[in-house]
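These notes concern the structure reproduced below.
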Amino acid sequence: MKTQPLVSIVIPVFNGEQYLNTCLNTILAQTYTNYEVIIINDNSSDKTEEIIKNKCFQNILYIKNLANLGTAESRNIGIRQSRGDLIAFLDADDKWYPSFLEIQVGILMSNPDIDAACSLFDIMDSDDRIIYRNAHHQNKNPLSIKEYKLSDIWDKLFISPSTVVAKRQSIFDAGLFSSGYTEDVNFWLKFSVHHKIVETQCILAAYRKHETQKTANGHKIMLGRTDAYLKAVQEYPEIKEIIGEPKFRNKIHNLSKSAADHYFIDKNEWGKARHYLLIAIKHEPTDYDSFLKIIWCFIPYPGKKIIKGVRNIINGQFGSSKK
């Protein structure tokens with residue numbers, strides 16, 4: 001690979017007029033300049049296209065989807081159209097600091113065994129104010145790295161897509177992004193099975209937290225995360241052996257039960273709740289609470305109403321006796 005390889009920057013965007021200009025300006029401010037910009041407009045209805053066309057990139061590919069395909073497929077379109085040996089991901093509401101590409105490319109060029117490098121990141125609000133910064137790491141040597149193994153990602157995903165530069169071939173080997181509400185979780189689990197990921201121990205990007213993003217919907221994120229883990233295990237059965245039986249069963253049990261408890265039961269979608277509760281019990285047969293919840297799912301609505309009424313009466317009596 002060349003010492004100054006071409007980096008393909010893949011940016012999916014949907015109705016991103018509020019933050020897109022700031023995002024693109026941080027690319028123009030990069031100290032590493034051998035890049036191409038690939039922007040995939042996912043059928044936006046705002047001024048996204050106007051903002052893109054007003055930017056002066058020397059090497060840009062602009063793609064507009066004829067229908068809204070979602071973040072995962074838009075990102076995959078950009079990956080397939082890329083020409084660089086390396087691919088960098090950037091979400092349209094996030095931003096990079098000026099040395100982002102220089103440091104991440106340097107890490108990959110200095111360590112041929114590494115397939116992807118992510119970094120620490122700030123969290124900012126809708127007005128670009130930093131609301132969280134990992135002060136413990138921000139002054140560390142930028143060439144200091146920490147490896148993330150599959151077991152680390154299984155426990156907790158630390159990777160923000162906008163902090164990643166990865167080898168193009170490794171991304172294809174991992175199978176690209178699957179559609180879903182948390183498509184990045186599924187991808188990095190798959191990627192880490194056979195590829196080496198490291199985290200640069202300095203803050204190189206900023207992730208934006210705002211009300212209109214997908215991650216603001218906590219219940220859907222939880223459900224999406226559950227499905228992402230289950231799908232990754234279906235695609236790579238060896239994950240179970242790598243992780244180890246206890247850790248594997250505990251994670252799938254907790255995710256599945258949470259999806260049933262905090263999403264489908266709350267929405268009175270009893271069939272789907274039973275589905276995830278059965279997965280939870282399969283991985284933790286002594287979970288009697290999930291058995292009781294499955295029984296509750298089978299009780300018709302009039303029965304549920306009667307039981308709730310009796311429970312409220314009993315609670316009221318006990319409550320009044322304590323006063």
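These numbers come from a predicted model, not from an experiment.
Between the side chains of Glu284 and Thr286, at least one donor-acceptor pair of N or O atoms lies under 3.5 Å. For the residue pair Arg168 / Ser8, no side-chain donor-acceptor distance below 3.5 Å is found, with atom types taken as modelled. Counted by atom type alone, Ser119 and Gln104 present zero donor-acceptor pairs between their side chains at under 3.5 Å.
Between Ile153 and Ile159, the closest side-chain pair of non-hydrogen atoms falls below 4.5 Å. Residues Asp287 and Lys257 meet the side-chain proximity criterion, which asks for heavy atoms closer than 4.5 Å. Ile9 is listed as a side-chain neighbour of Leu101, based on a closest heavy-atom distance under 4.5 Å. Using a 4.5 Å heavy-atom cutoff, the side chains of Arg75 and Pro161 are in contact. Residues Ile197 and Asp152 fail the side-chain proximity criterion, which asks for heavy atoms closer than 4.5 Å. By the 4.5 Å heavy-atom criterion applied to side chains, Lys282 and Ser256 are not counted as neighbours.
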Report task. Please assess Tyr35 against Asn59 for the test side-chain contact (heavy atoms from CB on, under 4.5 Å), listing each intermediate value before the final yes or no. Result -> CA-CA 7 Å; Tyr35 60 76; Asn59 195 355; over 6 Å; no
Requested in this report: Decide yes or no on side-chain contact (heavy atoms from CB on, under 4.5 Å) for Leu86 and Lys167, but give the supporting numbers first.
Outcome: CA-CA 5 Å; Leu86 302 177; Lys167 293 177 180 176; 4.0 Å; yes
Report task. Report the C-alpha separation of Ser258 and Arg225 in whole Å, then their side-chain angles, then the decisive distance to 0.1 Å, and conclude whether the side-chain contact (heavy atoms from CB on, under 4.5 Å) test is met. Result -> CA-CA 10 Å; Ser258 294; Arg225 187 175 291 269; over 6 Å; no
Query raised in the report: Hey, mind stepping through Gln81 and Glu36 against side-chain contact (heavy atoms from CB on, under 4.5 Å) and telling me if it holds?
Result: CA-CA 11 Å; Gln81 294 295 320; Glu36 64 172 358; over 6 Å; no
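With respect to Arg129 and Asp125, a salt bridge is recorded, a charged nitrogen being found less than 4.0 Å from a carboxylate O. Using a 4.0 Å cut-off between a side-chain N of Lys or Arg and a carboxylate O of Asp or Glu, Glu269 and Lys272 qualify as a salt bridge. The pair Arg208-Asp128 meets the salt-bridge criterion, with a side-chain N (NZ, NE, NH1 or NH2) lying under 4.0 Å from an Asp/Glu carboxylate O. Remark: Glu245 engages Arg249 in a salt bridge, criterion side-chain N to carboxylate O under 4.0 Å.
Phe298 is connected to Phe291 through a chain of hydrophobic side-chain contacts under 4.5 Å among Ile, Leu, Val, Met, Phe, Trp and Tyr, so both are in one cluster. The hydrophobic cluster containing Val164 also contains Phe172, counting ILVMFWY residues as joined when their side-chain heavy atoms lie under 4.5 angstrom apart, directly or transitively. Note on Phe14 and Val10: separate hydrophobic clusters, where clusters join Ile, Leu, Val, Met, Phe, Trp and Tyr whose side-chain heavy atoms are under 4.5 Å apart, directly or indirectly. In terms of hydrophobic clustering, with Ile, Leu, Val, Met, Phe, Trp and Tyr side chains grouped at heavy-atom distances under 4.5 Å, Leu277 and Ile295 are assigned to different clusters. If you chain together hydrophobic residues whose side chains sit under 4.5 Å apart, Trp296 and Tyr263 never meet in one group.
Here the closest non-hydrogen pair linking Asp46 and Gly16 is OD2-N, 3.2 Å. Across all their heavy atoms, Ile265 and Ala273 have their closest contact at CG1-CB, 3.7 Å. Taking both residues in full, the closest heavy atoms of Asn68 and Asn43 are given as N-CB, 3.7 Å, listed atom of the first, atom of the second, then distance. Closest of all the heavy-atom pairs between Ser178 and Lys190 is OG-NZ, 3.5 Å. Nearest heavy-atom pair across Gln4 and Asn34 is O-ND2, 2.6 Å. Pairing each heavy atom of Ala228 with each of Leu189, the nearest pair is O-CD1, 4.4 Å.
When the side chain to side chain contact (heavy atoms under 4.5 Å, CB included) test is applied to Asn65, the partners found at least two apart in sequence or on another chain are Ile40, Asp42, Ile63, Leu69, Ser74, Ile77. In this structure, the side chain to side chain contact (heavy atoms under 4.5 Å, CB included) partners of Asn25, at least two apart in sequence or on a different chain, are Asn21, Leu28, Lys55. When the side chain to side chain contact (heavy atoms under 4.5 Å, CB included) test is applied to Ser151, the partners found at least two apart in sequence or on another chain are Lys149, Ile243, Lys247. Applying the ring-ring contact (aromatic ring centres under 6.0 Å, His included) test to Tyr148 and every residue at least two apart in sequence or in another chain returns Phe158. By the ring-ring contact (aromatic ring centres under 6.0 Å, His included) test, Tyr229 is found to be paired with Trp154, residues two or more places apart in sequence or in another chain being considered. Looking at residues two or more places apart in sequence or on another chain, you find a ring-ring contact (aromatic ring centres under 6.0 Å, His included) between Phe191 and Phe187, Trp188, His195. With sequence neighbours left out, Asp122 forms a salt bridge (Lys or Arg N to Asp or Glu O under 4.0 Å) with Arg133. Taking the salt bridge (Lys or Arg N to Asp or Glu O under 4.0 Å) definition, one finds that Lys196 meets it with Asp113, sequence neighbours left out. When the side chain to side chain donor-acceptor pair (under 3.5 Å) test is applied to Asn54, no partner is found at least two apart in sequence or on another chain. Considering only residues two or more places apart in sequence or on other chains, Ala259 meets the side chain to side chain contact (heavy atoms under 4.5 Å, CB included) condition with Leu223, Thr226, Tyr276.
Distance check, rounded to the nearest 0.5 Å: CD1 of Ile171 to CZ of Arg80 gives 12.5 Å. To the nearest 0.5 Å, atoms OG1 (Thr22) and CE (Met124) are separated by 7.5 Å. Distance CD1/Ile145 to CD1/Ile114: 4.0 Å, rounded to 0.5 Å. Here CD of Glu102 is found 10.5 Å from CG of Leu204. Values are rounded to the nearest 0.5 Å. In this structure, CD1 on Ile38 lies 7.0 Å from CD1 on Ile87, to the nearest 0.5 angstrom. Taking NE2 of His283 as the start and NE2 of His253 as the end, the distance is 10.0 Å to the nearest 0.5 Å.
Checked by atom type and distance alone, the side chain of Thr26 pairs as donor or acceptor with a backbone atom of Cys23 at under 3.5 Å. Listed for the Glu238 side chain is no donor-acceptor partner under 3.5 Å among the backbone atoms of Val233. A distance-only check finds no donor-acceptor pair linking the side chain of Asn250 to the backbone of Pro246 [under 3.5 Å]. Asp115 places no side-chain N or O within 3.5 Å of a backbone atom of Ala166 that could act as its donor or acceptor partner.
Sorted by first and then second residue, the ring-ring contact (aromatic ring centres under 6.0 Å, His included) pairs involving residues 44-92 (not counting sequence neighbours) are Phe89-Phe177. Listed by first and then second residue, the side chain to side chain donor-acceptor pair (under 3.5 Å) pairs involving residues 156-166 are Asp94-Ser162 (not counting sequence neighbours).
Heavy-atom neighbours of Lys251 NZ from other residues, nucleotides or ligands within 6.0 Å: above the threshold of 12. Residue Gln58 qualifies as open at atom CD: its count of foreign heavy atoms under 6.0 Å is 12 or below.
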